[in-house]
Amino acid sequence: MHATDVTPKVWDRIVRTRAGASCLCCGDWSAGERAAIGLYGAMIATPGTCHVAAQIGQSLDGRVATLSGDAADVSGPDGLAHLHRMRALVDAVVVGVKTALHDNPRLTVRLVPGRNPARVVIDPSGRLPNDARLFAEDGARRIVIQTVDVPRPPGVEVIRLPRDTWIAPRAIITALQGKGLHHLLIEGGAITIARFLEADLLTRLHVAVAPLLIGSGPQGLTTQPISRLAQARRPETQVYGLGSDVVFDCLVGTRAAPCAWPHAAMSSAALHG
Ligand SMILES: NC(=O)c1ccc[n+]([C@@H]2O[C@H](COP(=O)([O-])OP(=O)(O)OC[C@H]3O[C@@H](n4cnc5c(N)ncnc54)[C@H](OP(=O)(O)O)[C@@H]3O)[C@@H](O)[C@H]2O)c1
């Protein structure tokens with residue numbers, strides 16, 4: 001396990017590298033800082049590529065909330081800071097409507113220095129009220145993906161996509177790429193992440209495990225059943241100790257896929273816009 005020390009100095013370098021203003025290839029780093037570069041440097045895709053990561057925070061027994069839906073403190077303080085760092089490194093954060101309805105998240109970067117990403121909610125039936133916090137005007141782009149014609153607040157971009165059983169995850173990524181959003185974090189919940197995983201569209205999956213036993217409540221990722229362990233995914237995985245939580249950084253796809261829409265710069269417009 002890599003003991004990780006995300007000092008202000010190394011985080012600043014990572015953020016500036018993400019913005020295209022620095023690099024990670026040189027510097028005098030401690031072992032813990034080098035681990036931070038390993039963990040977060042892998043989130044920085046090269047120009048002309050896309051990166052779709054997912055992150056889920058869970059307990060030792062694989063739960064993401066209590067039976068009544070309390071999910072606020074599953075991750076410890078370092079796990080939460082990790083989630084905010086992940087947000088700071090992407091163009092857009094994507095959540096399913098059940099998370100938006102239940103947690104009313106802001107999806108901003110508040111715990112670490114960094115830019116707020118665009119916020120995307122997949123809400124096929126238009127169930128999310130227009131006063132949801134992720135729709136709040138704060139300078140970040142706000143996008144809703146829906147199949148119905150529900151009016152949204154001024155400034156909220158609406159993507160209409162058809163639905164079969166699900167809206168095709170590839171169509172979601174393609175639509176977001178078309179809006180200049182190439183580096184995505186699928187933040188949950190488990191239903192939403194599972195659709196992207198099953199479609200083989202994730203490059204990385206971060207499973208952040210916190211040392212608590214909930215004992216009941218919704219499980220983390222649940223995908224199509226398999227009968228034999230030989231069929232299980234066994235991704236190449238690095239393990240990072242973050243203090244209160246342990247992050248399993250799983251390489252579930254190619255590191256970065258070519259974008260459907262070539263772009264010259266590493267999405268600096270979304271980072272600075
Ligand atoms: N621990 C963590 O890391 C974490 C993170 C996020 C959330 N949570 C917790 O997880 C729970 C909610 O997660 P969840 O897994 O139940 O639900 P979810 O993933 O938040 O939302 C699922 C819903 O989003 C819509 N959706 C997502 N992808 C879709 C697609 N490809 N096509 C069509 N519709 C799509 C569907 O809405 P419709 O139902 O309208 O069809 C679907 O039922 C909450 O308790 C929350 O607190 C935990």
Side-chain angles (χ1 to χ4, degrees), residues 52-87 92-108 111 119-129 132-134 143-148 150 158-176 184-202 204-214 216-224 242 244-248 250:
V52 184
Q55 126 93 35
I56 192 154
Q58 62 183 48
S59 61
L60 288 172
D61 50 344
R63 316 276 176 179
V64 296
T66 66
L67 267 181
S68 61
D70 182 5
D73 291 322
V74 170
S75 294
D78 298 310
L80 283 176
H82 170 69
L83 177 58
H84 284 228
R85 287 187 202 108
M86 295 284 281
R87 288 177 183 168
V93 169
V94 180
V95 295
V97 67
K98 288 184 179 171
T99 293
L101 285 169
H102 198 275
D103 299 351
N104 199 11
R106 283 174 278 183
L107 302 181
T108 56
L111 301 180
R119 301 188 284 270
V120 181
V121 59
I122 307 173
D123 182 14
S125 307
R127 296 198 281 147
L128 188 65
R133 292 205 292 198
L134 63 77
I143 298 171
V144 57
I145 294 170
Q146 53 192 39
T147 62
V148 292
V150 173
V158 177
I159 296 175
R160 288 278 301 275
L161 288 174
R163 175 179 194 162
D164 191 2
T165 308
W166 299 98
I167 299 170
R170 183 176 293 280
I172 293 170
I173 291 176
T174 301
L176 293 175
L184 310 177
L185 175 64
I186 315 299
E187 191 174 309
I191 290 174
T192 301
I193 294 174
R195 300 291 79 76
F196 286 88
L197 181 64
E198 286 178 331
D200 282 327
L201 291 170
L202 295 182
R204 308 194 89 81
L205 171 66
H206 282 196
V207 181
V209 180
L212 77 165
L213 293 160
I214 301 177
S216 59
Q219 293 282 350
L221 286 178
T222 305
T223 51
Q224 290 296 319
L242 283 177
S244 65
D245 298 49
V246 172
V247 171
F248 290 76
C250 310

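In listed order, ligands and their atoms are each counted from 1. Computed from a predicted structure; not experimentally measured. Start at 1 with the first residue, then count along the sequence.
Formation of a donor-acceptor pair under 3.5 Å by the H102 side chain with backbone atoms of G69 is found in this model. Remark: the backbone N or O of V95 is not paired with any side-chain donor or acceptor of T99 at under 3.5 angstrom.
The two residues V64 and Q58 have their closest heavy-atom pair at CG1-CB, 4.2 Å. Here the closest non-hydrogen pair linking T222 and R195 is O-NH2, 4.3 Å.
A donor-acceptor contact closer than 3.5 angstrom links the side chains of S59 and D61.
No option in P77, P211, S75 other than P77 meets the side-chain contact (heavy atoms from CB on, under 4.5 Å) test with S244.
Contacts of ligand 1 (protein heavy-atom distance under 4.0 Å) are I56, G57, V64, A71, G96, V97, K98, T99, D103, I122, P124, R127, R163, W166, I167, E187, G188, G189, A190, I191, T192.
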